Amino acid sequence: MSGPKGTYDVLPGSEFGATAAVREALLAPSRLAGYAYAEAPVFEATELFSRGVGESTDVVTKEMFTFSDRADRSLTLRPEGTVGVLRAALDAGLHKGQLPVKLRYAGPMFRAERPQAGRYRQFQQVGVEALGLDDPALDAEVVALAWQAYAGIGLRKVRLLLTSLGDAACRPAYRASLTSFLDGLELDEETRRRATLNPLRVLDDKRPELQAQLADAPLMVDALCDACRDHLTAVQAGLDALGVPYEAAPRLVRGLDYYMRTTFEFVHDGLGAQSAVGGGGRYDGLAELIGGPPLPGIGWALGVERTLLALKAEGLDAPGEPTLDVFVVPLGAPAKAHAVGLVGQLRAAGVAADLAYGDRGMKGAMKAADRSGAAYAVVLGDRDLEAGEAQLKDLREHAQVAVPLDAVVETLKEKLL
RNA sequence: GUGGGUGUAGCUCAGCUGGUAGAGCACCGGGUUGUGAUCCCGGUUGUCGCGGGUUCGAGCCCCGUCACUCACCCCA
């Protein structure tokens with residue numbers, strides 16, 4: 001018995017047990033920067049993705065989970081987050097108010113790919129979108145927030161790759177020159193087809209024999225129009241001012257068609273083949289593509305699983321569940337009834353507390369106390385009840401003292417807070 | 001979709017040139033009828049992924065199949 005192919009379960013102690021904590025930690029810098037929480041549906045009309053992400057992309061042509069509802073409408077589980085969040089923002093008319101609109105989100109995405117290390121069919125992303133302005137200072141802020149997300153969680157070996165993909169003014173001419181260059185190469189059938197659909201995507205092929213052929217390929221960064229070049233320079237200046245180091249990556253291409261101008265990716269070298277831990281860019285034409293008004297935007301998405309794998313690769317601990325403060329060990333029925341109430345009082349006082357359920361013996365219950373990670377155990381037997389006290393044991397110092405029953409909560413609060 | 005690797009206890013794995021399944025960890029109990037983490041003793045857990053074939057006999061050999069895994073394409 002196991003879940004569907006390419007999925008995993010988040011359970012205590014499992015590989016991705018810290019998913020919720022990592023999501024929160026990665027978005028913390030964005031929350032402080034004014035990015036408000038947003039949530040769009042997990043499924044949308046198929047057309048939204050095919051138009052937004054791009055008909056020619058691998059994501060749309062072979063990786064979508066698509067199904068029909070009972071009225072025969074075609075729906076698709078979201079393969080990425082930007083399109084849905086943008087659709088929601090436009091639907092609500094947020095773009096008619098104060099700009100930029102800053103949003104953050106988190107949740108599962110779905111792609112029907114063959115699973116491998118760091119790649120799943122249902123995976124978690126966190127993301128931000130800044131809508132309504134094409135100010136390069138905003139690009140710098142957005143990129144810096146991702147940088148700070150990784151730094152905040154403790155990662156040190158993340159590298160930022162940055163480039164510009166040009167815009168409607170300069171990309172068509174570049175694309176033509178790249179196409180004629182590729183026409184002069186000997187390419188296999190599959191690559192040739194890709195060269196026709198989107199010649200830029202041939203550039204980041206990993207096969208060494210192909211890379212060798214591409215050594216003299218023309219680069220977008222050398223063919224930028226003045227506006228795009230100025231934009232890129234301003235973004236770089238912004239990152240310098242924010243103290244975010246970046247590497248020029250003139251061959252960087254993203255798999256989603258909507259990117260233009262500022263484009264970036266975060267990579268980590270400890271992950272095996274799937275080294276991208278996050279990525280994003282500017283998508284000024286996307287709003288119109290999905291049927292909205294012209295509206296510039298920039299954003300990123302970071303992979304939660306890959307972030308967790310990167311933490312592991314660096315030997316770092318993932319943020320964990322809060323550990324227990326107190327574990328109560330009752331002996332006998334009257335003591336157990338009292339223990340239930342005591343645990344309730346402790347929790348109400350903000351103390352993380354649990355007790356030994358299941359009427360275990362002293363030894364087993366103490367063992368459970370030890371495994372729980374609690375700093376203190378409260379031993380409460382019928383003998384103690386009669387004496388009006390409880391035994392308070394410091395599990396690390398191995399020291400035990402008797403405390404009057406009505407002072408247990410106060411005593412523990414003092415020791416712990 | 002293409003290629004490589006691996007499927008044995010809850011977990012990590014051992015299992016010889018084919019002879020009918022083991023260790024460590026974990027869990028439970030006892031040593032200590034009211035004290036954990038240490039120590040000692042004992043105990044529970046298996047359609048050897050599944051189906052077929054060869055053989056007196058298959059965890060081991062052969063065929064098929066499924067799953068997992070890594071890599072390509074692509075991406076988080």
Side-chain angles (χ1 to χ4, degrees), chain A residues 1-8 13-14 22 26 53 56-63 78-82 106-127 146 188-191 193-194 197-198 201-202 204-210 252-256 265-268 271-280 300-310 327 329-332 335 356 358 360-384 390-400:
Chain A
M1 201 166 62
S2 55
K5 191 183 191 68
T7 63
Y8 61 89
S14 68
V22 168
L26 287 175
V53 175
S56 73
T57 60
D58 283 20
V59 168
V60 168
T61 55
K62 55 180 198 188
E63 296 172 4
R78 63 183 180 199
E80 59 98 59
T82 298
M109 308 296 162
F110 306 83
R111 292 182 201 172
E113 295 182 275
R114 191 83 171 261
Q116 71 184 76
R119 191 167 79 186
Y120 301 90
R121 291 186 162 191
Q122 174 174 342
F123 58 99
Q124 294 275 340
Q125 288 188 333
V126 301
D188 59 273
E189 198 182 328
E190 179 65 35
T191 310
R193 184 142 29 92
R194 238 175 336 130
L197 277 173
N198 185 349
R201 301 226 330 271
V202 177
D204 72 344
D205 197 300
K206 279 188 219 164
R207 291 172 292 185
E209 64 275 16
L210 186 54
L252 178 65
V253 182
R254 317 232 62 238
L256 313 180
E265 191 164 291
F266 294 89
V267 297
H268 194 279
L271 294 190
Q274 307 305 319
S275 60
V277 290
W300 45 247
L302 313 184
V304 173
E305 297 83 3
R306 289 186 189 176
T307 299
L308 246 0
L309 293 170
F327 196 91
V329 174
L331 297 169
R360 302 171 57 134
M362 182 74 198
K363 184 171 179 143
M366 283 305 292
K367 204 169 212 174
D370 185 50
R371 308 258 158 104
S372 76
Y376 295 93
V378 173
V379 177
L380 188 62
D382 295 345
R383 182 201 299 171
D384 302 299
Q391 306 301 322
L392 177 56
K393 180 160 189 176
D394 183 324
L395 289 170
R396 308 218 168 95
E397 306 294 325
H398 318 287
Q400 182 167 310

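Here the structure is a predicted model, which means the values were calculated and not measured.
Residue A:R119 places no side-chain N or O under 4.0 Å from the OP1 or OP2 atom of B:A71. Side-chain N/O atoms of A:R201 include none lying less than 4.0 angstrom from OP1 or OP2 on B:C73. The phosphate of B:C72 (OP1 or OP2) has a side-chain N or O of A:Q116 nearer than 4.0 angstrom.
Under the 3.5 Å distance criterion, the side-chain polar atoms of A:E397 are left unmatched by any main-chain donor or acceptor of A:A399. With hydrogens and angles disregarded, a donor-acceptor distance shorter than 3.5 Å links the side chain of A:R78 to the backbone of A:P108. Within the 3.5 Å criterion, the main-chain N or O of A:G381 finds a donor-acceptor partner in the side chain of A:D384. Using a distance-only test at 3.5 Å, with no hydrogens or angles considered, no donor-acceptor pair links the side chain of A:S275 to the main chain of A:L271. Side chain of A:R306 to main chain of A:G118: a donor-acceptor pair is present (N/O by atom type, distance under 3.5 Å, no hydrogens or angles).
The residue A:Q391 sits close to a base: some heavy atom pair falls under 4.0 Å. Nucleic acid contact class of A:K393 (heavy atoms, under 4.0 Å, all strands): base. If you check every strand for non-hydrogen atoms under 4.0 Å, A:A369 touches nothing. Note on A:L302: nothing from the nucleic acid sits closer than 4.0 angstrom, heavy atoms only. Backbone-only contact: A:V277 has heavy atoms under 4.0 Å from sugar-phosphate atoms and none from a base. Across all strands, A:F266 comes closer than 4.0 Å to no nucleic acid atom at all (heavy-atom distances). Among the protein residues, A:R121 comes within range of no part of the nucleic acid, since none of its heavy atoms lies under 4.0 Å from any strand. Among the atoms of the strands shown, base atoms are found under 4.0 Å from some heavy atom of A:G118. A:D204 comes within 4.0 angstrom of sugar-phosphate atoms only, judged by non-hydrogen atoms across all strands, and of no base. Heavy atoms of A:R111 sit under 4.0 angstrom from at least one base atom.
Toward the 5' end of RNA chain B, the nearer of the two residues A:D205 and A:E265, judged by each one's closest nucleotide, is A:D205. Along RNA chain B, the nucleotide closest to A:E397 and the one closest to A:P4 are compared, and the more 5′ of them pairs with A:E397.
Listed nucleotides B:C73, B:A76, B:G30 differ in distance to A:K363; the shortest reach to its side chain belongs to B:G30. Listed nucleotides B:G34, B:G36, B:C68 differ in distance to A:K5; the shortest reach to its side chain belongs to B:C68. Of the candidates B:A26, B:U35, B:G31, the closest approach to any side-chain atom of A:M366 belongs to B:U35. Among the nucleotides B:A26, B:G34, B:C72, the one closest to any side-chain atom of A:L331 is B:G34. Distance from the side chain of A:A273 is smallest to B:A71 among B:C73, B:A71, B:C27. Ranking B:G3, B:G34, B:C73 by closeness to the A:R114 side chain, first place goes to B:G3.
Here B:U35 sits opposite no nucleotide as a Watson-Crick or G-U wobble pair (both hydrogen-bonding atom distances under 3.5 Å). Under the Watson-Crick or G-U wobble criterion, with both distances below 3.5 Å, B:G43 is paired with B:C27. Within the shown strands, B:C72 is the pairing partner of B:G1 under the Watson-Crick or G-U definition, both distances less than 3.5 Å.
Separation of the P atoms belonging to B:G5 and B:G51 is 24 Å when rounded to the nearest angstrom. As rounded to the nearest Å, B:C48 and B:G7 have C1' atoms that lie 10 Å from one another. Comparing B:A9 with B:U17, their C1' atoms sit 28 Å apart, to the nearest whole Å. Between B:G59 and B:C50, the two C1' atoms lie 14 Å apart (nearest whole Å). To the nearest whole angstrom, the two P atoms, one in B:A26 and one in B:C11, are 15 Å apart.
A donor-acceptor contact under 3.5 Å links the side chain of A:R383 to the base of B:G34. Contact of A:E113 with B:A76 (side chain to base): a donor-acceptor pair of N or O atoms is detected under 3.5 Å.
A salt bridge links A:E113 with A:R119: at least one charged nitrogen is closer than 4.0 Å to a carboxylate oxygen. A salt bridge does not link A:R254 with A:D204: every distance from a Lys NZ or Arg NE/NH1/NH2 to an Asp or Glu carboxylate oxygen is 4.0 Å or more.
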